[in-house]
**Q** 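Before I ask anything, here is the structure I am working with.
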There are 2 protein chains.
Amino acid sequence: MAVGETGGARLPRNKIIVGDCIEELSRLPEASVDLVFADPPYNLQLNNELFRPDNSRVDAVDDDWDKFGSFGAYDSFTRDWLAACRRVLKPNGSLWVIGSYHNIFRVGTILQDLGYWVLNDVIWRKTNPMPNFRGRRFTNAHETMIWASMGPKAKYTFNYEAMKSLNEDLQMRSDWLLPICSGGERLKQDDGRKTHPTQKPEALLARVILASSHVGDVVLDPFSGSGTTAVAAKRLGRSFIGIEREESYAEAARARLKSLKPLDAASLQVAKGKRGEARIPFGALVELGLISPGTALYDPAARHEAKVRADGSIACAGAQGSIHKIGAHVQGAMACNGWTFWHYEKNGALKPIDDLRAAARQKLVPHAS
Amino acid sequence: MAVGETGGARLPRNKIIVGDCIEELSRLPEASVDLVFADPPYNLQLNNELFRPDNSRVDAVDDDWDKFGSFGAYDSFTRDWLAACRRVLKPNGSLWVIGSYHNIFRVGTILQDLGYWVLNDVIWRKTNPMPNFRGRRFTNAHETMIWASMGPKAKYTFNYEAMKSLNEDLQMRSDWLLPICSGGERLKQDDGRKTHPTQKPEALLARVILASSHVGDVVLDPFSGSGTTAVAAKRLGRSFIGIEREESYAEAARARLKSLKPLDAASLQVAKGKRGEARIPFGALVELGLISPGTALYDPAARHEAKVRADGSIACAGAQGSIHKIGAHVQGAMACNGWTFWHYEKNGALKPIDDLRAAARQKLVPHAS
DNA sequence: AACGCGCTTGAATCGGTAG
DNA sequence: ACTACCGATTCAAGCGCGT
């Protein structure tokens with residue numbers, strides 16, 4: 001029996017298959033797929049409705065496919081599809097799974113238990129995440145991807161140089177800054193509503209596929225959804241197999257693939273140059289020990305004195321807030337650039353705190369200029 | 001038996017305890033700790049034994065060594081210490097764990113199984129990570145922290161405004177950019193070698209503690225190591241308890257702590273939002289004579305007019321009720337903050353009634369700032 | 001044409017207190 | 001326990017429109 005075939009089963013290529021992924025995977029020949037990318041349901045467990053401060057309602061992911069009775073039910077579902085993927089993967093293939101804190105720990109544990117070998121966890125940092133509207137937690141600004149080979153001694157594909165050149169000739173790190181999928185890329189229905197609630201940006205998939213597969217390889221997505229994996233694979237000269245339960249999603253994906261235009265290199269670029277990331281909040285100076293809580297700050301004429309606090313706010317004459325707010329407040333102005341307004345004492349002279357920001361940038365963005 | 005005590009056990013404070021953390025935790029009174037930060041040994045999976053990053057062996061306590069495969073012992077160890085921490089945590093306390101892809105999925109799964117409720121996963125992005133020398137993977141440039149409360153409905157401390165201050169008036173995100181611990185901060189032995197292999201930067205711990213505890217709270221670290229948690233806690237005016245197996249690490253931590261002075265109370269003041277302010281019913285404004293019954297209130301666009309009544313309710317177009325209810329009603333909204341919605345006329349201009357609330361606070365709670 | 005303003009939107013586990 | 005009510009809370013992008 002030829003490699004890549006099982007019981008006469010042939011590997012379909014460049015198709016979006018409608019069906020349950022565990023069942024459909026079992027029909028595919030074993031050891032026939034080079035790369036799996038999976039975006040399974042996250043098991044969000046949302047209860048109440050959420051409104052923005054402007055009273056508009058957040059359109060949450062409340063679809064039935066994201067509902068599981070318990071962690072146990074989710075775990076068993078996860079074990080099944082991860083095992084089914086393992087069967088169809090070639091010994092030198094690899095697997096990516098994306099998730100959030102709701103599900104990614106379950107996924108990671110189970111894939112380790114099944115014998116997969118974690119190569120990296122990669123953080124997708126969103127440039128434009130949804131804020132935390134109630135101010136009760138940190139803004140959930142990232143998602144986590146796990147990249148794993150078939151075992152501790154298994155080989156796998158990693159295009160080191162391609163990743164390095166994508167990153168201005170520096171090694172690609174495990175944290176990737178990319179925008180969410182919106183604007184013209186986001187699929188919309190005729191009524192203007194989004195076609196799929198969780199469409200992933202093509203740039204994310206392109207980087208995954210470029211990093212861990214070769215031209216001509218077979219890329220499989222068991223939760224194909226809007227078809228971003230297939231689109232990125234096709235654009236990059238790979239074969240794709242998508243499996244999707246909902247006929248409507250599969251149809252949308254097929255339409256995308258049909259009108260696919262050739263490679264547009266811009267979508268693969270890093271979201272922003274390093275300079276774009278170099279915003280240094282005043283709080284970072286405190287955290288980095290460049291200025292201590294309790295230090296006095298003065299305006300250029302030393303008419304006002306403010307004290308730095310541990311949280312990066314400053315206090316002056318009963319008022320508290322950011323360097324900008326308090327600077328504006330003491331001047332009776334609408335706005336103020338606190339970086340140039342406030343000074344600290346050094347060797348008997350007043351120096352603007354902006355000087356310290358340069359030092360902070362050196363510490364936080366070592367490669368910047 | 002008093003709350004916070006078990007079998008007469010007293011809570012030691014500001015001590016580094018030498019011993020096995022599970023055993024030592026069992027000696028502490030239950031529900032007595034506000035915050036746990038844990039940096040447990042990683043699961044390096046060498047020969048089915050567990051090693052710390054410095055290759056010192058972790059004693060496996062379990063007989064069923066190979067029953068669960070190579071991860072079994074690590075899982076059982078993890079379950080034990082997480083359960084022991086859960087016992088000593090107050091119902092409104094919270095827990096942080098830091099780890100890498102080697103162990104964090106096991107930790108996350110087990111803490112969910114034990115009933116902890118994940119609030120965020122927070123990514124520590126390293127400015128200066130160790131490069132991947134062999135060029136076979138992505139540079140491992142981050143570590144993952146899980147922040148969890150005691151359960152889905154448990155309260156927890158989150159100093160939203162303080163975090164926002166640190167980030168120059170933008171919500172703090174789940175990805176934190178901080179340098180690794182090096183230079184003068186890194187503890188060295190006389191021979192110049194690192195005192196501890198995985199010393200964490202104090203800035204990381206400071207942000208964790210500032211975010212999720214109050215001044216005076218008890219912060220516990222079951223794997224104290226070089227004592228960074230204790231140092232950050234002490235500097236920020238919290239009590240600390242460190243537990244560490246290795247006498248040499250404990251001794252190094254004590255030496256660090258000895259020369260450390262906590263910040264003064266003023267520097268520890270942290271930005272507080274409106275949530276921290278005393279609540280003033282609108283009726284109090286009427287009672288205090290700050291606004292008279294019969295006064296007209298308007299929305300910002302002056303499309304609606306309401307009349308203040310003697311009992312602190314307002315009436316508008318036949319409807320009557322609180323400033324919030326009527327504000328929501330005239331807008332057709334689910335909810336409304338009447339304090340900022342309704343305005344009164346003063347010198348020909350519309351001023352929000354929130355200004356009057358500030359005046360009422362001065363009268364009713366004079367010591368408030 | 002370029003710019004500014006306003007509106008919309010995104011995988012979200014998003015209260016506390018008094019009665 | 002449950003109910004009622006108070007009242008706090010958002011960032012980056014894209015798009016359409018008006019100047």
**Q** To the nearest 0.5 angstrom, please state how far the CD atom of A/Gln199 sits from the OG atom of A/Ser182.
**A** 10.0 Å
**Q** Should B/Arg275 and B/Glu277 count as an ion pair when the cut-off is N to O under 4.0 Å?
**A**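 A salt bridge is absent here (no side-chain N lies under 4.0 Å from a carboxylate O).
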**Q** For A/Thr198, report the nucleic acid contact type (base, sugar-phosphate, nothing); a contact means any heavy atom under 4.0 Å.
**A** base
**Q** Between B/Asp169 and B/Lys164, is there a side-chain N and carboxylate O pair less than 4.0 Å apart?
**A**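 No, this pair does not count.
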**Q** What nucleic acid atoms does A/Trp65 come within less than 4.0 Å of, heavy atoms only: base, sugar-phosphate, or nothing?
**A**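 A/Trp65: base contact, heavy atoms under 4.0 Å.
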**Q** Just to be sure I understand the geometry, which residues of residues 323-339 of chain B put a non-hydrogen atom under 4.0 Å away from DNA chain D?
**A** B/His324, B/Lys325, B/Ala335, B/Cys336, B/Asn337, B/Trp339
**Q** Is the ring pair B/Trp147/B/Tyr156 parallel, tilted or perpendicular, if the boundaries are 30 and 60 degrees?
**A** perpendicular
**Q** Mind calculating the distance between CG (A/Leu178) and C1' (D/dA12) to the nearest angstrom?
**A**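 Taking atom C1' of D/dA12 as the reference, CG of A/Leu178 is at 15 Å.
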**Q** Tell me, please, whether A/Trp339 has A/Arg357 positioned over its six-membered ring: NZ or CZ under 6.0 Å from the ring centre and within 45 degrees of its axis?
**A** yes
**Q** Which is it for C/dT13, anti or syn, if anything within 90° of zero counts as syn?
**A**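 This nucleotide is in syn.
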**Q** Only counting residues at least two apart or in another chain, list the ones meeting side chain to side chain contact (heavy atoms under 4.5 Å, CB included) with A/Ala255.
**A** none
**Q** Is there a donor in the side chain of A/Ser100 and an acceptor in the side chain of A/His102, or the other way round, less than 3.5 Å apart?
**A** yes
**Q** What would the secondary structure line of DNA chain D be in dot-bracket form, counting Watson-Crick and G-U wobble pairs under 3.5 Å, with [ ] for pairs that cross earlier ones and | for pairs with another strand?
**A** .|||||....|||||||||
**Q** With DNA chain D as reference, determine whether A/Asn132 or A/Gly184 sits nearer its 5' end, using the nearest nucleotide of each.
**A** A/Asn132
**Q** What is the separation between atom CE on B/Met172 and atom P on D/dC11, rounded to the nearest whole Å?
**A** 12 Å
**Q** Using 0.5 Å steps for rounding, measure from the OH atom of A/Tyr74 to the CZ atom of A/Phe77.
**A** 6.5 Å
**Q** When the C1' atoms of C/dA1 and D/dG18 are compared, how many Å lie between them, rounded to an integer?
**A** 14 Å
**Q** Under 4.0 Å between any heavy atoms, over every strand shown, what does A/Thr139 touch: base, sugar-phosphate, or nothing? Just pick one.
**A** nothing
**Q** Taking the cut-offs as 6.0 angstrom to the six-membered ring centre and 45 degrees off its axis, would you call B/Arg207 and B/Trp176 a cation-pi pair?
**A**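 Yes - B/Arg207 lies over the ring of B/Trp176, closer than 6.0 Å to its centre and within 45° of its axis.
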**Q** Could you tell me whether the side chains of A/Asp121 and B/His142 share a donor-acceptor contact shorter than 3.5 Å?
**A** yes
**Q** Contact list please: residues 43-52 of chain A against DNA chain C, heavy atoms, distance less than 4.0 Å, in numerical order.
**A**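 Correct list: A/Leu44, A/Gln45, A/Leu46, A/Asn48, A/Glu49, A/Leu50, A/Arg52.
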**Q** With a 6.0 Å cut-off on the ring centroids, do A/His196 and A/Tyr249 count as close?
**A**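 Yes.
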**Q** Using whole Å, what does the distance between atom C1' of nucleotide D/dC5 and atom CZ of B/Arg279 come to?
**A**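 Rounding to the nearest Å, CZ of B/Arg279 and C1' of D/dC5 are 8 Å apart.
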**Q** What is the 5' to 3' range of DNA chain C, first to last nucleotide, that sits under 4.0 Å from any heavy atom of chain A?
**A** C/dT9 to C/dG16
**Q** Does OP1 or OP2 of D/dT10 have a side-chain N or O of B/Lys164 closer than 4.0 Å?
**A**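 For D/dT10, OP1/OP2 do have a side-chain N/O of B/Lys164 under 4.0 Å.
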**Q** C1' atom, D/dT10 versus C/dG6: distance in rounded Å?
**A** 16 Å
**Q** Using the six-membered ring wherever Trp is involved, compare the ring planes of A/Trp81 and A/Phe223 and label them parallel, tilted or perpendicular (cut-offs 30° and 60°).
**A** perpendicular
**Q** Hey, are A/Thr228 and A/Arg256 close enough side-chain-wise for a donor-acceptor pair under 3.5 Å?
**A** yes
**Q** Checking the side chain of A/Asn132 only, and the main-chain atoms of A/Gly135 only, is there a donor and an acceptor separated by less than 3.5 Å?
**A**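 A pair under 3.5 Å: yes.
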**Q** Work out how far the C1' atom of C/dC14 is from that of D/dG7, and round it to whole angstrom.
**A** 15 Å
**Q** Can you confirm whether or not the ring centre of B/Tyr298 sits under 6.0 Å from the ring centre of B/Tyr344?
**A** no
**Q** Reckon A/Gln199 touches a base, only the sugar-phosphate, or nothing at all at heavy-atom distances under 4.0 Å?
**A** nothing
**Q** Base, sugar-phosphate, or nothing for A/Pro201, non-hydrogen atoms under 4.0 angstrom?
**A** nothing
**Q** Checking all strands, does B/Pro281 fall into the base, sugar-phosphate, or nothing category for heavy-atom contacts under 4.0 angstrom?
**A**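 The residue B/Pro281 makes no contact with any strand.
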**Q** I need the CG-P distance between B/Asn167 and D/dC11, as an integer number of Å.
**A** 9 Å
**Q** What interatomic distance, in whole Å, is found between C1' of C/dA11 and the corresponding atom of D/dC15?
**A** 23 Å
**Q** Does A/Pro201 have any side chain to side chain contact (heavy atoms under 4.5 Å, CB included) partners at least two apart in sequence or in another chain, and if so, which?
**A** A/Trp124, A/Cys181, A/Glu185, A/Leu204
**Q** Do any side-chain nitrogens or oxygens of A/Arg137 fall under 4.0 Å of OP1 or OP2 in D/dT10?
**A**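 For D/dT10, neither OP1 nor OP2 has a side-chain N or O of A/Arg137 closer than 4.0 Å.
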**Q** What's the CG-P distance between A/Asn55 and D/dT10, to the nearest Å?
**A** 14 Å
**Q** Can you tell me, in whole Å, how much space there is between the P of D/dC5 and that of C/dT13?
**A** 30 Å
**Q** Base, sugar-phosphate, or nothing: which does A/Ile104 touch, judged by heavy atoms less than 4.0 Å apart?
**A** nothing
**Q** Classify A/Asp63 by what it touches in the nucleic acid, base, sugar-phosphate, or nothing, heavy-atom distance under 4.0 Å.
**A** nothing
**Q** Base, sugar-phosphate alone, or nothing: which one does B/Arg173 contact when heavy atoms must sit under 4.0 Å apart?
**A** nothing
**Q** For A/Arg134 and D/dG7, give me the distance from atom CZ to atom P, rounded to whole Å.
**A**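 For the pair A/Arg134 CZ and D/dG7 P, the rounded distance is 14 Å.
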